[in-house]
Amino acid sequence: MKLERIPLELLFLLVNRRGQVVTREEILERIWGKGVFVDSENSINTAVRKVRRALCDDSDAPRFVATVPARGYRFVAEIRAPKITRAEQIRARLPGAMVGRGRELASLLSGLDYAASRRGGLFLISGEPGVGKTRLANEVASAAHAKQMALLIGHCSEHDEAVAYLPFVEILENFVDRAPDPGSLRTALGDRGHELARLLPKLKSILPELPPPLDLPPAQARRHLFNCFFDFVGRIALQQPMLMVLEDLHWADDSTLSLLDHLTQRLSDLPLMVIGTYRDADMNLTRGLAKTLEDLIRGRLATRVRLKGLPRDGVAAMLDSLSGKSTPAVVVGEIFGETEGNPFFVEELFRHLEEENRLYDSSGQFRSELQIAELDAPPTVRLVVARRLARLGELTQKMLATAAVIGRFFSFEILQASSDADPDSILERVEEAEKAGLVFSVADSPKARLGFSHELIRQAVLAALSAARRERLHLEVADAIERTCRAARESKYRRSINDHAAELAHHYALGGNPAKAVEYCARAIVRFSDLGSNAEVLAQFESGLELLQQLPDDDRRAELELDLRNVAGGTLGDSKGFASPEAAQSSARAMLLGRRPGISWHRTWNALYQDLFVHLTRPELRKACELAAELVALAEEHGSTEHLADARTYWALARMYSGEFEVAAQDFDQAWALLESIANPASAPTPNSAGQMPQARTMLWRQGPRQNNRAISGWNLWFLGYPDRARERMNVATAIAHSGLKTMLADIHGYATYIYELRREPDQMKARAEARLALSTESGYAAGRALSEIYLGWANALAGDLDGGIVRMKHHLSELRAAGFEVAAAYHLALIATALGKAGRFDEARRTIEESFSLIDRTGQRHCEAEVHRLDGELLLAQRTSNAVDAEKFFRTAIEIARKQHAKSWELRATTSLARLLAKQRKHDQARTMLAEIYNWFTEGFDTPDLKDAKTLLDELNE
């Protein structure tokens, strides 16, 4: 529409002062200027008529410009700003000068230049809430857009517990939603789509041909997921240099921090700059974040940009920019004193005072004095927000209350489902809140998510609610989430209710329904276990246990507690150690609950299963065998092949530790036959249609019965005298674990470490131990880490670093034993004793070997008993040749034990040691006869050092 200059300027003036009276005197001064002679009555009236004509407005029933008799005019229509997303806002911005942030901005812009030249890096922007971290990141994002760089933005959230890896999920979700068609999305994801679906299950709906994610244990699944996400990001960055912004890392879960660390380690070769923002106050630094920051900064993998409050002159410049005027020193002083230079506080306080007409006098200039306390202006941002909320409509305030309960970020879908209003009404309320600057859009997709413009705003909304009101809203939100998930089953954008499990547990807990909260805690544990998020699993477990205290001690509570302990058992064992007090106490409690009348056999079986692992790792082998036998009987009674196969595998393991190698071999083979008969074993428990956790298998099932059976049975085969078959069996286990991947199970690395140590192949042993150490450290698997360190210490000793190896082995063995983990500790003590003997520390070596014997007698783990006797004999000989008689007794005892156990590999070693001693005593015939007998028994493994040593000695005896 065409409009002349003067009426157009009048329209601008009225719109800028919407809802306020603009006097005729002000119109005259602002449009025509001071001292200009003009017929003001006719000129103003003419300009107003032209505005009304252009807008088709009626002076008697004005929709836009209303006349205020004897005073002036007021613009009365609603002003609806274009609704744009956060990314669009950034793309629409031009980089501009930031008040007081020139040095920090320059540092970040240099990072963009480095990234554009394929030297990516991580920059961490820290500071207190509201100090301008997001504003600074937005400036860099605007500059990146100007450089034609791609933008990926994700947020962490305090109350979005339902989603691990939240910022990366948001990034992936936005990318998927922007894909023009499935074909383009399929090309962009490459061959990583099926694994990325772990983060974003709706990918399976969009691309139904995706194969299921690989069935890996939690730690290994997480590592593979990290590699896939890196490949996905790297592919995009190589096509177009990229900036990734991760906001509010102080709320990041441990999984997000681990993935960030994984990306950072490999950024240097990519045209990718990553910016992370976080609050750096002590109360905001979680242990995980503090550790991550320390590692990144100490490793020179990140550049930290720390923001502080603006100085007084910075506040003055900011106020000048906000007002368009020069701000008097007294006003600057009052606002600076009230806000301490926090930019968010400064702006919010300025907006409030401006809206309340407390900043300017009638001439539009700053007041000469500004005493905030006297004007009853809010002393904190919370009060500022509360006053701004009061100016919103009642329905909008109710909508914001519901949104605040949902979380910092919330979807329109859940917001609508939580309300009794129609979509258009909700949109109007959202738009009103957007105009007030309280919320904004954070994603551009059919399922757009909204967010509060600052967490403090959300907290201010919550603070205004009564406890009863908050409780009711939490229940309404939980119900809305459940209904939305059920209604969206056939939608392209559906998400399983399990994706919201932790969120639902949170809402039901605060909504006064602890029983449902515990149910969802159990389901959240399953979800986080899938993602390898051990810290989140343990957090949900502890939360569930606390919630149980609110329930009466009845059968329902017993079932809920048993479900909770069963699904968390595997992660608790991995993180704390299966022999740890925490795991033992939880197992004992589960056993007690599992024995109650009326408990389903599945739940009882799972409780027995976890208790079996406690007794295996301590070890208390007699009790472990009893539990395994009970598990077998229970599985047979109920006809469950899966349960029977798993029970037989670990019964065989208990027997192997007891030195019953032949019986164990039979059990391993029977278990394998059962496993082979299962066509498609499920990998994890999932809730049934009633929302309850089925008890068909525990988290321990995820450790992989097939690969574990092959690996452990291979270990057993070595004892029986089949070193090559042991290695072959290990290769089968490895192939199962690999499933075509480069990544491996930590446990499979562990079993391979043991087998290669027994085969006396130190290079392979060391490589497997190092691989296991890396995986165990990443996943928080304490026992796996310590066991790896013991074998790496043994590798040090074999390489000549006796003192370093001894210290390393002793330290980590003590760490394991302190946690109650004494599996194979007798053998590890023997290794330490051997290294001590090589170092000439014979007295200490003998004390250590005696401790090994004591441990064997106490625990019954006799799988290494023959070897400990042999090593003791070797120590005696190394100490003094006069100890030959005693040494011979130890060698003969070792042979006797080995023969009773059918442990041919131990028998070969002991016989070789004895034959060598007899040869020195010139008893060649006796030595040759006994050594030839055991050597000739072997049908494989002739390239192993044990058989080579025996053959060399035989050849010498035959000369």
Side-chain angles (χ1 to χ4, degrees), residues 518-519 521-522 525-526 529 537-538 540-542 544-549 551 553-638 640 642-644 646-651 653-655 657 685 692-703 783 819-823 859-860:
V518 175
E519 287 181 17
C521 282
I525 287 171
V526 174
S529 295
V537 169
L538 296 180
Q540 289 295 322
F541 179 56
E542 293 299 327
L545 292 180
E546 291 179 9
L547 288 164
L548 284 169
Q549 304 308 310
L551 298 175
D553 188 8
D554 55 16
D555 289 344
R556 178 58 180 149
R557 170 174 158 173
E559 288 184 345
L560 287 172
E561 182 178 353
L562 188 51
D563 285 350
L564 194 68
R565 293 187 183 279
N566 281 339
V567 294
T571 300
L572 188 63
D574 282 347
S575 301
K576 305 292 186 180
F578 283 102
S580 66
E582 295 90 341
Q585 290 168 11
S586 183
S587 173
R589 175 64 178 167
M591 284 285 288
L592 183 65
L593 294 169
R595 302 293 190 188
R596 290 177 64 145
I599 294 296
S600 69
W601 79 269
H602 288 127
R603 289 186 170 97
T604 302
W605 197 93
N606 290 342
L608 285 166
Y609 193 56
Q610 291 188 57
D611 204 39
L612 167 65
F613 270 78
V614 170
H615 291 287
L616 275 175
T617 52
R618 285 190 169 183
E620 295 165 349
L621 296 178
R622 180 178 298 176
K623 180 63 176 177
C625 287
E626 292 175 0
L627 289 168
E630 190 173 354
L631 284 166
V632 168
L634 197 57
E636 289 177 337
E637 177 185 351
H638 293 278
S640 173
E642 293 175 359
H643 289 78
L644 183 57
D646 220 13
R648 283 208 170 275
T649 291
Y650 289 103
W651 194 2
L653 176 60
R655 289 178 166 181
Y657 282 142
Q692 299 172 333
M693 289 298 301
Q695 300 303 312
R697 49 188 73 83
T698 67
M699 294 297 100
L700 295 175
W701 178 264
R702 297 160 182 262
Q703 293 183 353
F821 189 106
E822 293 191 309
V823 171
T859 63

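Atoms considered below: every heavy atom in the structure, side chains included; atoms not considered: hydrogens, waters and symmetry mates. For clarity, every value in this text was computed on a predicted model and none was experimentally measured.
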Quick one: closest heavy-atom pair of [X] and [Y], and the distance?
X	Y	result
Leu560	Val518	CB-CG1, 4.0 Å
Asn566	Ala607	OD1-N, 3.5 Å
Ala624	Leu616	CB-CD2, 4.0 Å
Trp651	Cys625	NE1-O, 3.8 Å

* To do: I would like to know whether His602 and His643 meet side-chain contact (heavy atoms from CB on, under 4.5 Å); could you show each step before the answer?
  => CA-CA 9 Å; His602 288 127; His643 289 78; 4.2 Å; yes
* Asked: Please, which pairs that meet salt bridge (charged side-chain N to carboxylate O under 4.0 Å, His left out) have at least one residue in residues 579-588, sequence neighbours excluded?
  -> none
* Would Glu822 and Glu620 count as a side-chain contact (heavy atoms from CB on, under 4.5 Å) if you check the C-alpha gap in whole Å, the side-chain angles of each, and the deciding distance to 0.1 Å? -> CA-CA 9 Å; Glu822 293 191 309; Glu620 295 165 349; over 6 Å; no
Would you compute the distance between atom [atom1] of [X] and atom [atom2] of [Y] and round it to the nearest 0.5 angstrom?
X	Y	atom1	atom2	value
Leu547	Gln540	CG	CD	9.5 Å
Leu608	Leu631	CG	CG	5.0 Å
Asn606	Ile599	CG	CD1	12.0 Å

* **Glu636 side chain to Leu644 backbone, donor-acceptor under 3.5 Å** => no
If you look only at distance, which donor and acceptor atoms sit under 3.5 Å apart when one is on a side chain in residues 586-597 and the other is two or more places apart or in another chain?
residue, atom, partner, partner atom, Å
Ser586, OG, Arg565, NH1, 3.1
Ser587, OG, Asp611, N, 3.3
Ser587, OG, Asp611, OD1, 2.7
Arg589, NE, Glu561, OE1, 3.4
Arg589, NE, Glu561, OE2, 2.8
Arg589, NH2, Glu561, OE1, 3.0
Arg595, NH1, Glu630, OE2, 2.6
Arg595, NH2, Glu630, OE1, 3.3
Arg595, NH2, Glu630, OE2, 3.3
Arg596, NH2, Asp555, OD1, 3.1

* How far apart are the C-alpha atoms of Arg618 and Thr859, what are their side-chain angles, what is the distance that settles it, and do they pass the side-chain contact (heavy atoms from CB on, under 4.5 Å) test? -> CA-CA 8 Å; Arg618 285 190 169 183; Thr859 63; over 6 Å; no
* Can you tell if the side chain of Trp605 reaches within under 4.5 Å of the side chain of Ser640, non-hydrogen atoms only? -> no
